Amino acid sequence: MRNLKLLRTLEFRDIQAPGKPQCFCLRAEQGTVLIGSEQGLIEADPLTREVKNEIPLVAEGFLPEDGSGCIVGIQDLLDQESVCVATASGDVVLCNLSTHQLECVGSVASGISVMSWSPDQELVLLATGQQTLIMMTRDFEPIMEQQIHQDDFGESKFITVGWGKKETQFHGSEGRQAAFQMQMHESALPWDDHRPQVTWRGDGQFFAVSVVCPETGARKVRVWNREFALQSTSEPVAGLGPALAWKPSGSLIASTQDKPNQQDVVFFEKNGLLHGHFTLPFLKDEVKVNNLLWNADSSVLAVWLEDLQREENSTLKTYVQLWTIGNYHWYLKQSLPFSTTGKGKIVSLLWDLVTPYRLHVLCQGWHYLCYDWHWTTDRSSGDYSSDLANVAVIDGNRVLVTVFRQTVIPPPMCTYQLLLPHPVNQVAFSVHPEKSADLAVLDASNQISIYKCGDGLSVDPTVNLGAVGGNGFKVPLRIPHLEKRYMIQLENSEDQEVNPLKLSLLTWIEEDIFLAISHSQSSPQSVIHHLTVVSSEMDEEQGQLTVGSSVPVDGVIIGLCCSSKTKSLALQLADGQLLKYLWESPSLAFEPWKNPGGFPVRFPYPCTQIELAMIGGEECVLGLTDRCRFFINDSEVASNITSFAVYDEFLLLTTHSHTCQCFSLKDASFKTLQAGLSSNHVTNGEILRKVERGSRIVTVVPQDTKLILQMPRGNLEVVHHRALVLAQIRKWLDKLMFKEAFECMRKLRINLNLIHDHNPKVFLENVETFIRQIDSVNHINLFFTELKEEDVTKTMYPPPAASNVQLSRDSEGKKLDLVCDAMRAAMENINPHKYCLSILTSHVKKTTPELEIVLQKVHELQGNVPAVPDAVSAEEALKYLLLLVDVNELYDHSLGTYDFDLVLMVAEKSQKDPKEYLPFLNTLKKMETNYQRFTIDKYLKRYEKAIGHLSKCGPEYFSECLNLIKDKNLYKEALKLYPPNSQHYKAVSIAYGEHLIQEQLYEPAGLVFARCGAHEKALSAFLTCGSWQQALCVAAQLHLSGDQLTGLGRTLAGKLVEQRKHNEAAIVLEQYAQDYEEAILLLLEGASWEEALRLVYKYNRLDIIETNVKPSILEAQKNYMVFLDSQTTTFIRHKKRLLVVRELKEQGQQVNLDDEVHLGQESDLFSETSSVVSGSEMSGKYSHSNSRISARSSKNRRKAERKKHSLKEGSPLEDLALLEALNEVVQSIEKLKDEVHSILKVLFLFEFDEQGRELQKAFEDSLQLVERSLPEIWTLTYQQTSATPVLGPNSTANSIMASYQQQKTSVPVLDTEVFIPPKINRRNQWKLSLLE
């Protein structure tokens, strides 16, 4: 759905040269044109408009002096700096353009009619006057000569397998007599010049020759291969014309055919069979086709036609038409009418070999024209919902308009077509945002037709409905009508005859003002014309457009775009420069387009499509080159963009990787866009979606979600891009347009949670509005069923970065419960009978489904159905309920209501066998109420409720109740059911305590026993767990005798000593066993010196001081000294070894690096496995056997952890083991501070000053040693180097791998706490100053 837009026109008028031009060719590298005349050759430069070379051929005798000579072919030879020229007299001349030297490389006595070079310039083909073909090499060495007329079909002759005769075939509407008709061979067309025509396939492997057969007089097309072997001959085609052009892509050969009532362009396959055609828009014998030309990429076919003389003194014209194909339909995109008299008559046409849409035209009056086109999509540019998303497609004298807002119609069909009197060249929609459907059409006669979409009901004969409408159908469209046609009055009417496309880039900027561009004939300048409507008093059919003002611009304008929002107008020059045209100011001035930094903007490459867009609050120019490079201002954002469109705040692009990306421009920047386009994996799923290969953007429907894409074949595809969809849904939700949002989300499978999650507060405040707008029970139920606790704005559909709509969710309750309760209240308020099913759904969908309430409501319906039109019966409600809830679950809940009528109603709807449930229900009905409910609850496994009902049944059921309590471990619940002083309470408590003892929870069991009065069991439990205070309390309640209490005390003391609780054991022995001597010994054993002395003096046993206290103190002092000595020795040994291990490791790393540097250039010779070996050398040498340790239990895992680090010298983790050992030494010394302080006091007390000083000095030395060594052992650098790999410019792949491998073996992640130094409490005052 694209049109050809004229970008620029280059003219070179009145070339100063002798004679009349006959033919021309292009020099692509130099950008010049070689023109041949009856006098010789000239080389002209169209850009500088000067003649660079002139080579006369008459003086050398290659052309006659009387001017009757003719050049039949010119070919620029790229690698020889020469031009090959063939004359009709038979000479082939090689002209050197730098030296002007001429060389005749061959001569044909019978003359030459055609010279044709292969596309690769390896072969040249000459058609001679003797009806022969001569093939030569590029060095003009003859290869072969053959007759141009051949009797044989060729190598690709069809094989007949004998399936019947022609007489027996079916001939359709022609009837059986068609089998016996003789094929009549018509002679060549009257205007045929009988000259051979030669065309090559794009790859140079085949060429086709069209000649007039001497036997039949009709034209035939023969296909030859590169080896000059005939391949095929075309089937007889009546009225075949001389024009011939092989599509460069190789599929078809184009020619023309005169039919009884029309003239067609027909296509042959390589095998000579016809394959498709299209009809030219002329009557029979009205025109003749001089030539057909394919452009370089095979997308455009140029048809050169010329009027035939039908009446005397009639004005004859020549036409150049550009045809393209889309979806198997041929469109006439451009029509250029030239005059056939004077300077404007066309001599020759050529497509450019490099630029595919550049056409070169040579006219008779030494007038050269060059046109540059490119594809564009003409679409309306409104952003409001009133815009119909129109797209206009040019097709000859018709404009096919498709209204995408209403319906998507695939081309070549359309919504309606506008019929024009002349072929159309340009269309322009109004830039005014509210009149974007109005259309201006510029045709080949320089006439502008204005079509406006009004409310007029009159039928316009120039507007025909396309694929819509029909009998019995009403078309809900605003169909445009022709308001008026205007003739453009240019200053120089002669220009129109010489250059039919005088105006380009037509833009409709205001109601009665048009802008158009023309290019200067003599200099690289452009002119902007303001075309204004001439007011006329008489109501004429045809109005006038005059040039109100013309503004010259230095430079060639090749692009123009106008923003419908800001009214800004940007111009692009051929050198990439961008200008801002202040068309609304009286001065009509220009200024450079500037970027946000204030610098002028220039595209690095000329762009074929430009648009204006607001990016981050700044108006920018977007450009796309024909090489798929995409620019924002002068920054290249991407290089794989195939098409783009700007819609509202979005930029949509299609890429070579077959994706369509959509970016929000509101808060975007160059960097974010560049990052988004350059990354293959886009994090936000809204931005990117895959599309079919080769898709291009046609248009976006404003205020909708439709994005129209066109495939390479021409068919359309509508996608709803997630970004557009979500943006539109958010707009609808902000405007409280819930119905539109819901319908869109339902159709496009957007999660309905977004309706609430987009703005929870607003939704809950407008729940009633939501229900009234949806107004469908099914749709409300659908909304309920999709509800979930997840916030989709944080997971599936994160809002745009700048969106402030998202509010914090209420923390009062869960989302499901809030929405269900709010909607249920609203529905009950509006119409509880109509929304009955939705109300039931709201109960079921809560976090904890309220099935009992639902069943109760259904039960209420069963009794009395309200006499309301929308009321729902109980059966319908239950049937619906079974869709939401499993029938067995519903049956169980109905049973749990203890309502047997409800149970029967649900059971009847289930698949249960009545033989199963009826006996069960009958048995239940016979039971006492509480026992009945107990049985139901037990059946439903609701054991808490079951024991509650069973406890009310009486004492005879207590044993059953107690068994159930024990079986289901319901002790806590059961204790709440009985009064504390009852026997039942005590029985449950004893059972509970015994259960706790089985679980080895002795202390809680003792408490339970003590609470219910079972003191013996309580005492046993407390004794087991060592809770001596509780045990003694219970013993007091049991009123034990003195001996029993003494025995109990000794037992308790023994257990406390086992737990190393010497102080508590001493208290029990002294107070309850009256054995203070044993208590003192236990205190001495526990190093509680001061407490032991207290008891000594309390009982006045000073002899114990000498016999027990002093020896114990001295022995403890010796033990401390030995311990400190061993710990200090161990610490020093481990510390020294650690420093050695670290030094060895550093040396090993350095050696590894030196080895890598030493290898140097030879490292490439080693296989890839060398890096693996070097990385695993250290770990492989000392492979430890942890892998064999089973981790089946936590005990094994702990054991494995302990064995993980070995202190054995040379082990791979020796440094970690040493750090662990040193840490343990430090911790053990640190823990001694309180004990040392305590013993120092009693040493001083008993005058053991020497021993006290010795211990204090030893301990102080140990602490100082540790404190000094800490920074040396736990160094900061060691922590860092152990956590970072060896990288840097001097590293190699092998050294880095070795470093990583060493890390892997030496520093597991779990062992990082080893590198944290132990903490030492320096505030602890352990020293005794009296001993200093």
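We number each residue from 1, following the sequence as shown. Predicted model, so just to flag it, every value in this text is computed and none were measured.
Heavy-atom contacts from other residues, nucleotides or ligands closer than 6.0 Å to NZ of Lys567 number more than 12. Open room surrounds CZ on Arg627; 12 or fewer heavy atoms of other groups in view lie less than 6.0 Å from it. Around NZ of Lys594, the count of heavy atoms belonging to other residues, nucleotides or ligands within 6.0 Å does not exceed 12.
Note on ring orientation: taking the six-membered ring where Trp is involved, the planes of Phe650 and Tyr647 are parallel (angle under 30°, cut-offs 30° and 60°). Taking the six-membered ring for Trp and thresholds of 30 and 60 degrees, Phe603 and Phe631 have ring planes inclined between 30 and 60 degrees apart.
Distance alone, capped at 3.5 Å, is enough to place a donor-acceptor pair between the Asp395 side chain and the Leu332 backbone. Listed for the Trp508 side chain is a donor-acceptor partner under 3.5 Å among the backbone atoms of Glu510. The backbone N or O of Arg2 lies less than 3.5 Å from a partner atom in the side chain of Lys333, making a donor-acceptor pair. Side chain of Asn295 to main chain of Pro356: a donor-acceptor pair is present (N/O by atom type, distance under 3.5 Å, no hydrogens or angles). Looking only at distances, no side-chain donor or acceptor of Ser298 sits under 3.5 Å from a matching main-chain atom of Lys247. Judged by distance alone, with hydrogens and angles left aside, the side-chain atoms of His658 form no donor-acceptor pair with the main-chain N or O of Ser695 at under 3.5 Å. In terms of modelled atom types and a separation under 3.5 Å, the side chain of Trp351 and the main chain of Leu293 share a donor-acceptor contact. Under a 3.5 Å cut-off, the side chain of Arg405 and the backbone N or O of Pro702 do form a donor-acceptor pair. Between the side chain of Asn3 and the backbone N or O of Ile394, at least one donor-acceptor pair lies under 3.5 Å. At distances below 3.5 Å, at least one donor-acceptor pair connects side-chain atoms of Asn633 with backbone N or O atoms of Val621.
With respect to Asp648 and Lys666, no salt bridge is recorded, no charged nitrogen being found less than 4.0 Å from a carboxylate O.
For Asn390 and Arg379, the side-chain atoms include no donor-acceptor pair closer than 3.5 Å. Side-chain contact of Asn715 with Tyr328: a donor-acceptor pair under 3.5 Å is absent, judged by distance alone.
Sorted by first then second residue, the side chain to side chain donor-acceptor pair (under 3.5 Å) pairs that include residues 697-712, not counting sequence neighbours, are Thr705-His720. For the side chain to side chain donor-acceptor pair (under 3.5 Å) condition, the pairs that include at least one residue of residues 595-612, sequence neighbours left out, are Asp575-Arg602, Tyr605-Arg629.
Put simply, OG on Ser568 and CH2 on Trp593 are 5.0 Å apart, with the number rounded to the nearest 0.5 Å. Taken from CG in Leu622 to CG in Leu665, the straight-line distance is 7.5 Å, to the nearest 0.5 Å. The structure places CG of Leu707 at 8.0 Å from CZ of Arg689, a figure rounded to the nearest 0.5 Å. Atoms SG and CD1, on Cys662 and Ile687 in that order, are 8.5 Å from each other to the nearest 0.5 Å. One distance of note links CD of Gln334 with OH of Tyr357; it measures 13.0 Å at 0.5 Å rounding.
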Item to check | Audit row: Phe630, His656, ring pair (Phe, Tyr, Trp, His ring centres under 6.0 Å) steps and yes/no | outcome: CA-CA 12 Å; Phe630 183 62; His656 277 312; over 10 Å; no
Checklist entry - What's the verdict on side chain to side chain contact (heavy atoms under 4.5 Å, CB included) for Leu7 and Lys5, showing C-alpha distance, side-chain angles and the deciding distance? => result CA-CA 6 Å; Leu7 299 182; Lys5 173 177 69 174; 3.6 Å; yes
Checklist entry - Should Ile697 and Leu709 be marked as a side chain to side chain contact (heavy atoms under 4.5 Å, CB included) after you check the CA-CA gap, both sets of side-chain angles, and the distance that decides it? => result CA-CA 5 Å; Ile697 296 172; Leu709 300 171; 3.8 Å; yes
